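Not measured: the values here are computed from a predicted model.
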Amino acid sequence: MEKVDQPTSQERLLKSVSWFLLGIIFVIFLVPLILPDSFCFASTKYATFVGGLAGPLATLIGFIYVYLTFLGQQRQLDEQRIRLVEDQATKLREDASKQFSEYLTIWIDIRSKIKYSTGAIGDQAFDDWWGNVKKSVQSDLKSSQIDLLDPKKLSESLGKHFYSKGFNGKNDQYDNFLRVIYLLIEIAEQNDFQDRVKILESFMTRAEKAILVYSATFIDQNQSAMKLFKSGFCQSLPEDYLISPDHRKLIF
């Protein structure tokens, strides 16, 4: 429904003043009837009286109405500007919502076609691949090559095994997966799509969440994703999907 054009309190006050002044002018013209002994309509004295009082008041009323016209035009311009901004914001939200849905569809398609060296496809491919990466990084800990509580060392180990376990391949499946997820998170963050963030999380398997949180936190340092982790995104990830239970403090 279109917003009804309503005058401001200042405009209402000025209109009241102008009506009051018109009343005074009306009274001035009735003076000969009120005081017939002092004035008559045809007298020079009456003309001087009216010219001296009613003239300036009429000029003031004219000025008030000119100013009211200016205020009305200014208000209309302001309202048009507000409506324009609101329309642009609505269009941006609609475009962002459409963009989010399109990228979500792309991500679901990418995920369904993911293949791992074991022959697993889709969700199972992520589970198998993350299981091997997790074991390899844990093996680094057992061999005392890294300290798993050292973010720098952990990043080096993750980076090495993320790209050496037969998952990435010539189609860059790992990179494509992360690229689309990061875009979805960025769109959701910029447009306050908290409901869509929850939808995104509900679609993700535990292995996918683990891949995302470790990649975003220790390799890419994606600030948008890390901000979401701190606010609750993916915190439902079970500890057995973490490389170390102590990493929950580092990530969340």
Side-chain angles (χ1 to χ4, degrees), residues 85-116 120-134 137 148 151 154-155 158-159 162 165 167-168 171-252:
V85 172
E86 290 176 347
D87 291 343
Q88 289 176 339
T90 300
K91 186 177 185 303
L92 287 175
R93 285 194 296 270
E94 291 174 350
D95 291 345
S97 179
K98 180 180 179 181
Q99 189 180 29
F100 185 93
S101 299
E102 290 175 350
Y103 278 117
L104 182 60
T105 301
I106 292 173
W107 170 68
I108 293 173
D109 182 63
I110 290 175
R111 183 179 66 174
S112 67
K113 296 177 181 178
I114 288 287
K115 295 181 179 179
Y116 188 48
I121 300 176
D123 294 349
Q124 189 58 50
F126 280 102
D127 288 337
D128 292 353
W129 180 69
W130 175 246
N132 285 339
V133 171
K134 177 185 172 185
V137 177
L148 284 185
L154 180 58
S155 174
L158 283 167
F162 268 140
K165 296 303 173 186
F167 185 88
N168 201 49
N171 293 323
D172 295 328
Q173 297 176 110
Y174 166 60
D175 288 333
N176 289 337
F177 165 73
L178 283 179
R179 188 178 298 112
V180 176
I181 291 292
Y182 288 156
L183 279 172
L184 286 168
I185 291 175
E186 183 179 346
I187 295 170
E189 180 188 42
Q190 291 178 351
N191 296 276
D192 196 25
F193 290 158
Q194 294 302 319
D195 54 337
R196 288 173 173 79
V197 171
K198 293 177 181 178
I199 292 173
L200 175 61
E201 182 176 4
S202 69
F203 270 101
M204 299 180 70
T205 65
R206 288 172 291 185
E208 290 169 334
K209 292 177 183 178
I211 294 167
L212 173 62
V213 297
Y214 276 98
S215 298
T217 304
F218 299 105
I219 296 180
D220 301 321
Q221 295 184 346
N222 186 287
Q223 296 300 318
S224 295
M226 293 168 67
K227 180 180 178 180
L228 283 179
F229 299 154
K230 299 296 184 183
S231 65
F233 185 63
C234 288
Q235 285 192 12
S236 60
L237 183 64
E239 287 194 355
D240 58 337
Y241 275 80
L242 297 174
I243 296 174
S244 169
D246 293 330
H247 289 169
R248 184 171 296 279
K249 297 179 181 179
L250 295 177
I251 297 171
F252 304 108

Can you label the angle between the Phe162 ring and the Tyr174 ring as parallel, tilted or perpendicular, going by 30° and 60°? parallel
Would you find a donor on one side and an acceptor on the other, under 3.5 Å apart, between the side chain of Thr217 and the backbone of Tyr214? no
Counting only heavy atoms not in Lys113, do more than 12 sit closer than 6.0 Å to its NZ atom? no
Once rounded to the nearest 0.5 Å, what's the spacing between atom CD1 of Ile187 and atom OG of Ser224? 11.0 Å
Under the rule for side-chain contact (heavy atoms from CB on, under 4.5 Å), what residues qualify as partners of Ser236, not counting sequence neighbours? Glu201, Lys209
If you take all heavy atoms of Lys134 and Leu242, which pair is closest and at what distance? CE-O, 3.3 Å
Derivation of the side chain to side chain contact (heavy atoms under 4.5 Å, CB included) call for Ile251 and Met226: CA-CA 8 Å; Ile251 297 171; Met226 293 168 67; over 6 Å; no
Min side-chain heavy-atom separation Phe233-Val213 under 4.5 Å: no
Determine, stepwise, if the pair Leu158 / Val137 fulfils side chain to side chain contact (heavy atoms under 4.5 Å, CB included). CA-CA 7 Å; Leu158 283 167; Val137 177; 3.9 Å; yes
Spatial distance of atom CG (Leu184) from atom CZ (Phe100) [nearest 0.5 Å]: 5.0 Å
Reported CG-to-CD distance for the pair Leu178 and Glu208, which is rounded to 0.5 angstrom: 10.5 Å
With a sphere of 6.0 Å drawn around OH of Tyr103, does it hold more than 12 non-hydrogen atoms of other residues, nucleotides or ligands? no
Would you confirm whether Gln221, through its side chain, and Ala216, through its main-chain N or O, come within 3.5 Å as a donor-acceptor pair? no
Can you tell me how the ring of Trp107 sits relative to the ring of Phe203, calling it parallel under 30°, perpendicular over 60° and tilted otherwise? perpendicular
Is there side-chain contact between Thr105 and Asp109, with heavy atoms separated by less than 4.5 Å? no
With no hydrogens and no angle check, just 3.5 Å: does a side-chain donor-acceptor pair link Tyr116 and Asp127? no
Looking at every heavy atom in both Lys230 and Lys249, which two are closest together, and how far apart are they? NZ-O, 4.3 Å
N/O donor-acceptor pair under 3.5 Å between Trp130 side chain and Tyr241 backbone: yes
Begin from the C-alpha positions of Ile114 and Ile121 and carry the test side chain to side chain contact (heavy atoms under 4.5 Å, CB included) through to its verdict. CA-CA 6 Å; Ile114 288 287; Ile121 300 176; over 6 Å; no
Are His247 and Phe252 near enough that their ring centres are under 6.0 Å apart? no
Pair Asp220, Tyr182 - check side chain to side chain contact (heavy atoms under 4.5 Å, CB included), show working. CA-CA 10 Å; Asp220 301 321; Tyr182 288 156; 2.6 Å; yes
Close side-chain approach of Ile211 and Trp129, heavy atoms under 4.5 Å: yes
For Glu102, enumerate each residue passing the side-chain contact (heavy atoms from CB on, under 4.5 Å) test, keeping only those at least two apart in sequence or located in another chain. Lys98
CG/Asp128 to NZ/Lys115 distance, rounded to the nearest 0.5 angstrom? 15.0 Å
Ion pair check, Arg179 and Asp175, cut-off under 4.0 Å: no
Would you say Arg248's side chain and Gln235's backbone share a donor-acceptor pair under 3.5 angstrom? yes
State the CG-CD1 distance between Asn222 and Ile181, to the nearest 0.5 angstrom. 11.0 Å
If you look at every heavy atom in Ser155 and Ile219, which pair is closest and at what distance? OG-CA, 4.0 Å
Gap separating the CZ atom of Phe177 from the CG atom of Leu212, nearest 0.5 angstrom: 6.0 Å
